[in-house]
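First up is the structure itself, then whatever we jot down about it.
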Amino acid sequence: MRELQALEAAHPALATPDSPTRRVGAAPSGKFAEVRHVVPMLSLSNAFGEEEVRDFVRRIEEKLDRRVLSFSAEPKLDGLAISLRYVQGMFGQGATRGDGASGEDVTANLRTLKDVPSQLRGSDWPAVLEVRGEVYMPRADFERYNEQARANGGKVLANPRNGAAGSLRQLDPRITAQRPLAFFAYGLGEVQGKLPDTHSAQLALLASWGFPVSPLGEVVNGADGLLDYYRRIGERRDGLPFDIDGVVYKLDDIAGQREMGFVSRAPRWAIAHKFPAQEQSTRVEAIEIQIGRTGAATPVARLAPVQVAGVTVTNATLHNADQIARLDVRVGDTVIVRRAGDVIPEVVSVIAERRPHPEPPQWKMPAHCPVCDSELVREEGAAAWRCSGELSCPAQRKETIRHFASRRAMDIEGLGDRFIEELSDLGYVESVADLYKLQLADLLEMKRRADERDGTTPETVKAGKVATKWAENLVAAIERSRETTLERLLYALGIEHVGESTAKAIAQWFGDLELIRRLPWPLFQRVPDIGGEVARSLGHFFDQRGNQKVIDALAKRGVRVTDTHAPSAKLREGLDLATLLVDLEIPKLTELRARQLVIAIPEAERIASATVQGLVAAGLPVDAAEALAAWLKQKANSRLLLDGFAMQKALLALASRLVAGAAPLEGRTIVLTGTLIAVTREQATEQLEALGAKVAGSVSKKTSYVVAGAEAGSKLTKARELGVPVLDEAGLQQLLAGRLP
Ligand code: IVH
């Protein structure tokens, strides 16, 4: 972008009106001009059930006197209709629907959308072409936007639809440019030129000119084809990346469309078939605090049960205290709840007119955890309150166990909420590793104590023997879960920000829990899509002794990962010192500077001990050199640099070995002695063995190499006596890279 700006400044004559530099940053226009639609922008009639769809098809069959008609069936996106006018292939004007006859000129805002081509591809387009479609906000982008707004105390968007409409009607296009808007083309307005004679062929042509067209569109036949499409899209609705409120059926044949014509403001050749609404209103019966596995205290609204998008909803998240303050939700209020996809239902807004009299009091965050009574605290700048009780808080402990045992984690069937409550409350299970200590007798004893406590009659069955089936099943399920995959175990540990897909990626890239639990955190960023925040969270988790103890205890009690493997060969890219420096997020050290620095000082050890002058001499600007030196002054930081570098080398060796494929050290016997710096002796042994070498404990005539680290003693002497080649650490690195020195 900068390069383009510079070029345009130097050669103004070459700057085109559709240049990306003009897409953002235009000054506020003050007010939108009116645009008259040459071809009106119509709406659609709705069909709410199967019969109405059959009636729609029947009417067309009768009027056209044809049977088995083809229809273009498309998702009905929930956004905002717009019209884009192209003259000679260049985007000239964009407008909202307005009242259908005229709308608002939002050209400058539409130019900021990457989905709106400024220049059409190809050359066979009509001289004048108006493309109609929907501007929308993808669900994930909407969630991300709101999460950020919430964290910054900004204004949240009520739903993706409002988000799209509000963003497009900004007076300052720079604001629109920051909103994650997308566009789908679904039809045409004014056209001066020739086009194909079916709607589906027209859409295909629009796609070839560069417009996004819904990949979910299909041509189907007759009412049965339409209803089948409705059912299939309905099944996929929750998983789609955007909100849809129904599907649209359009007669595919354009001549037929013309013949059908219009009623008032809707075509007779098209209809919208709606899905159940994603928003409903209901009453807030209480506002409670829920404590999550990491201690986050989330306010939750208990609701009068209501059907939303086909599911009964009784709870909805209120996110955090700020959100409640912004919405001013009070117990007794009638609110709009929204459930989109598999996203947790949330309270969107309060219907102010329906607040009860006298007014209920404003809601306040309680001072203490409702479960363990520890103080609820809020970190500097954070939106969320947390219970300060950590693992002494039964809620956090139980959530950790619940997550660990859940189906997509360790999948311990039968370990339901009730057992988790009792195992935890009665002290049988404190950490997830304790699950693997449980014996049949413990479970039966727990049950007896729980029955006594509750005053219920023990289940001594009338037949005279004790019912133990449930306990046997649970013990068997725990037993079964002992063998698991790395990705499941990583996910099950409940590391903040590490969901299933992140766990899977880490498992694929590193392959081994022993490696992962010792990995310096910056290196997690070598996995695509893992950034600083997630990497730090992983590092923080594995830095906690308590967590490492739990992992040790799991292993001791027989939990075993069955798919341990060597790190991915893809890792080799980016395992270099400059990338490490960038991943460390050192203040003022840009990527460019890191690369320059490493050219001048190619070793981590020398960078770690460099002075400000030395860093300046290596080409860093004074402020960056000072920032780096100050950063390195912290022992933990220079340690991280050195450990990270050593681990990079070890990983590189492991990943390279896979590429070579063979066992390049097959038949060699190697003895390690003295103190190694770049890798531990255990790591070196493991890697050498993986490369086919035998690692021996004593030196003999058969020894191929002795690797001597610092302060090597008698083995080094013996090697010299026998004439066995002696390698230093650089030599070891060569071996680890699969090369014989
Ligand atoms: S066709 C003459 N196709 O739904 C037909 N509309 O209720 C004009 N919409 O204003 C509309 N997805 O904003 C059509 N695939 C689709 C659509 C779609 C969403 C919206 C559009 C329109 C409204 C009509």
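Counting begins at 1 with the first residue of the sequence. Whatever order the structure lists ligands and atoms in, that order sets their numbers, starting from 1.
- Between Asn221 and Ser70, the side chains place a donor N or O and an acceptor N or O closer than 3.5 Å (distance only, hydrogens not considered).
- Under 3.5 Å, the side chains of Arg179 and Tyr145 contain a donor-acceptor pair of N or O atoms.
- Between the side chains of Gln290 and Glu288, not a single donor N or O lies within less than 3.5 Å of an accepting N or O.
- Taking the salt bridge (charged side-chain N to carboxylate O under 4.0 Å, His left out) definition, one finds that Arg488 meets it with nothing, sequence neighbours left out.
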Filter the ligand 1-protein atom pairs down to N or O on both sides and distance under 3.5 Å, then list them.
{"unit_1": "ligand 1", "atom_1": "3 (N)", "unit_2": "Lys250", "atom_2": "NZ", "d": "2.9"}
{"unit_1": "ligand 1", "atom_1": "4 (O)", "unit_2": "Lys76", "atom_2": "NZ", "d": "3.2"}
{"unit_1": "ligand 1", "atom_1": "10 (O)", "unit_2": "Arg97", "atom_2": "NH1", "d": "3.1"}
{"unit_1": "ligand 1", "atom_1": "12 (N)", "unit_2": "Leu77", "atom_2": "N", "d": "3.2"}
{"unit_1": "ligand 1", "atom_1": "13 (O)", "unit_2": "Glu134", "atom_2": "OE1", "d": "2.5"}
{"unit_1": "ligand 1", "atom_1": "13 (O)", "unit_2": "Glu134", "atom_2": "OE2", "d": "3.4"}
{"unit_1": "ligand 1", "atom_1": "13 (O)", "unit_2": "Tyr186", "atom_2": "OH", "d": "3.4"}
{"unit_1": "ligand 1", "atom_1": "15 (N)", "unit_2": "Glu74", "atom_2": "OE1", "d": "2.8"}
{"unit_1": "ligand 1", "atom_1": "15 (N)", "unit_2": "Pro75", "atom_2": "O", "d": "3.3"}

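- For an aromatic pair to be called close, the ring centres must be under 6.0 Å apart, and Phe184 with Phe242 satisfies this.
- Salt bridge absent: Arg139 and Asp238 never bring a charged side-chain N and a carboxylate O closer than 4.0 Å.
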